[in-house]
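Just so you know, these numbers use all the heavy atoms, side chains as well, and skip hydrogens, waters and symmetry mates. Below, chains carry the letters A, B, ... as their sequence lines are ordered, and counting in each starts from 1.
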2 protein chains.
Amino acid sequence: MTVDSGEKRMRIGELAERAGVSVRSLRYYEEQKLLTSTRSASGQRHYTDDEIERVRFIQRLYAGGLSSRTIAELLPCVDSPSEENSDAALDRMSQERDRLSTHIAELVQARDALDQLMTSARAYRDQLQAASAGV
Amino acid sequence: MTVDSGEKRMRIGELAERAGVSVRSLRYYEEQKLLTSTRSASGQRHYTDDEIERVRFIQRLYAGGLSSRTIAELLPCVDSPSEENSDAALDRMSQERDRLSTHIAELVQARDALDQLMTSARAYRDQLQAASAGV
DNA sequence: CTTGCCCCTGACGTCAATGTCAGGTTTTAG
DNA sequence: CTAAAACCTGACATTGACGTCAGGGGCAAG
């Protein structure tokens, strides 16, 4: 279904820029088996436009606090949503999903804590203001 | 309003256990000016029960991705919600709040991405199962 | 007093994702 | 052709929040 005919094969610098990451990171992702590249005769990496999305996806998972190793375990089932790894991968994903949810809840708590702080800080400031404006 | 009369002054080991962090972390927090302690004649740290909540609060902010430095900037206004730092602190908090919200949104996106993955993985698996069960 | 446990400081180790530098090749622009 | 820009590998540096170890006290119980 996917036609890879005239897709502009870009080099690492372009992918880096378009995906918003450093060249170093892309090489690192490849080292961690999160990303692959075709190589030119001289050894330069070439990518297709699809990799942009993949990199962004990886970034999202990183932002979610997943480690390279964990991401590497999950990505195979993005690539080929097949194989017997199905069940194990589903478990793994479910587990990570839970972890993520927990983490999100923590962050929301932290934000709430900040909100509380801000509320009392504001109240205090307004009180000061009222006082300085004369009783 | 707060009476600090007979409050059990605990040592670092107890605080660590009750707040759910390592002794090392507590010393680190002190080093980072996030936490203070009174010292006994022999130099041992003593804390009151209040510090338990403070440590938990610090943990929440850490979980929210704030750095020690940032937390250190915010804590003064927890301690004394006063001073002229009010406005600056409010700005700072508001800024961190935004950062947190952004981060939370990213995490939710990551989770959504995982959900999508799981959905398609499940679909694929069920398809396989249907096939193996005979057409 | 000795044993044992908790505490102290100071310093080095760790881990993960990146930065950065060195030294060399390839591609591109003029 | 030539210089600049981009790429390559390999390796060491960095940052943050700790872990861990060394070497040395304090203090209760037996």
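Applying the side chain to side chain donor-acceptor pair (under 3.5 Å) test to B/S101 and every residue at least two apart in sequence or in another chain returns A/R111. Remark: B/S42 pairs with B/S40 by the side chain to side chain donor-acceptor pair (under 3.5 Å) rule, at least two apart or across chains. A/R99 meets the salt bridge (charged side-chain N to carboxylate O under 4.0 Å, His left out) test with A/E96; sequence neighbours excluded. Considering only residues two or more places apart in sequence or on other chains, B/D115 meets the salt bridge (charged side-chain N to carboxylate O under 4.0 Å, His left out) condition with A/R97. For B/R60, the side chain to side chain donor-acceptor pair (under 3.5 Å) test picks out no residue, with sequence neighbours left out. With sequence neighbours excluded, no residue forms a salt bridge (charged side-chain N to carboxylate O under 4.0 Å, His left out) with A/D98. Taking the side chain to side chain donor-acceptor pair (under 3.5 Å) definition, one finds that B/S22 meets it with B/S25, sequence neighbours left out. Residues passing the salt bridge (charged side-chain N to carboxylate O under 4.0 Å, His left out) test with B/E30, sequence neighbours excluded: B/R39, B/R45.
Residue contacts for A/R45: at a heavy-atom cut-off of 4.0 Å it reaches the sugar-phosphate backbone alone, with no base atom in range.
Distance B/I58 CD1 to D/dA17 P: 12 Å, rounded to the nearest Å. Per the geometry, CZ belonging to A/R9 stands 17 Å off C1' belonging to D/dC7, to the nearest Å. Regarding B/R27, its CZ atom lies at a distance of 7 Å from the P atom of C/dT9, rounded to whole Å. For the pair B/E14 CD and C/dC6 P, the computed distance is 12 Å after rounding to whole Å. C/dG19 atom C1' lies 14 Å from atom CG of A/L26, rounded to whole Å. Nucleotide D/dC27 holds its C1' atom 18 Å from the CD1 atom of B/I12, rounded to whole Å. Here D/dC8 presents its P atom at 13 Å from CD of A/E31, a figure rounded to the nearest Å. Spacing between atom OH of A/Y47 and atom C1' of D/dC8 amounts to 12 Å, rounded to whole angstrom units.
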Which atom pairs link the protein and nucleotides 26-30 of chain C when you take only N or O atoms and keep those under 3.5 Å?
residue: C/dT26; atom: O3'; partner: A/S42; partner atom: OG; Å: 3.2
residue: C/dT27; atom: OP1; partner: A/S42; partner atom: OG; Å: 3.0

What protein N or O atoms touch nucleotides 11-14 of chain D N or O atoms at under 3.5 angstrom, if any, and at what distances?
none

Between the protein and nucleotides 15-17 of chain C, which nitrogen or oxygen pairs are less than 3.5 angstrom apart?
residue: C/dA17; atom: OP1; partner: A/S68; partner atom: N; Å: 3.0
residue: C/dA17; atom: OP1; partner: A/S68; partner atom: OG; Å: 3.3
residue: C/dA17; atom: OP2; partner: A/Y28; partner atom: OH; Å: 2.7
residue: C/dA17; atom: OP2; partner: A/S68; partner atom: OG; Å: 2.9

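Side chain of A/S22, nearest nucleotide from C/dT18, D/dC7, C/dC7: C/dT18.
Annotation: salt bridge (Lys or Arg N to Asp or Glu O under 4.0 Å) contacts involving residues 10-25 of chain A, sequence neighbours excluded, comprise A/E14-A/R18, A/R18-A/D49.
In this structure, the ring of B/Y29 has its center less than 6.0 angstrom from the ring center of B/Y62.
With respect to A/E73 and A/R69, a salt bridge is recorded, a charged nitrogen being found less than 4.0 Å from a carboxylate O.
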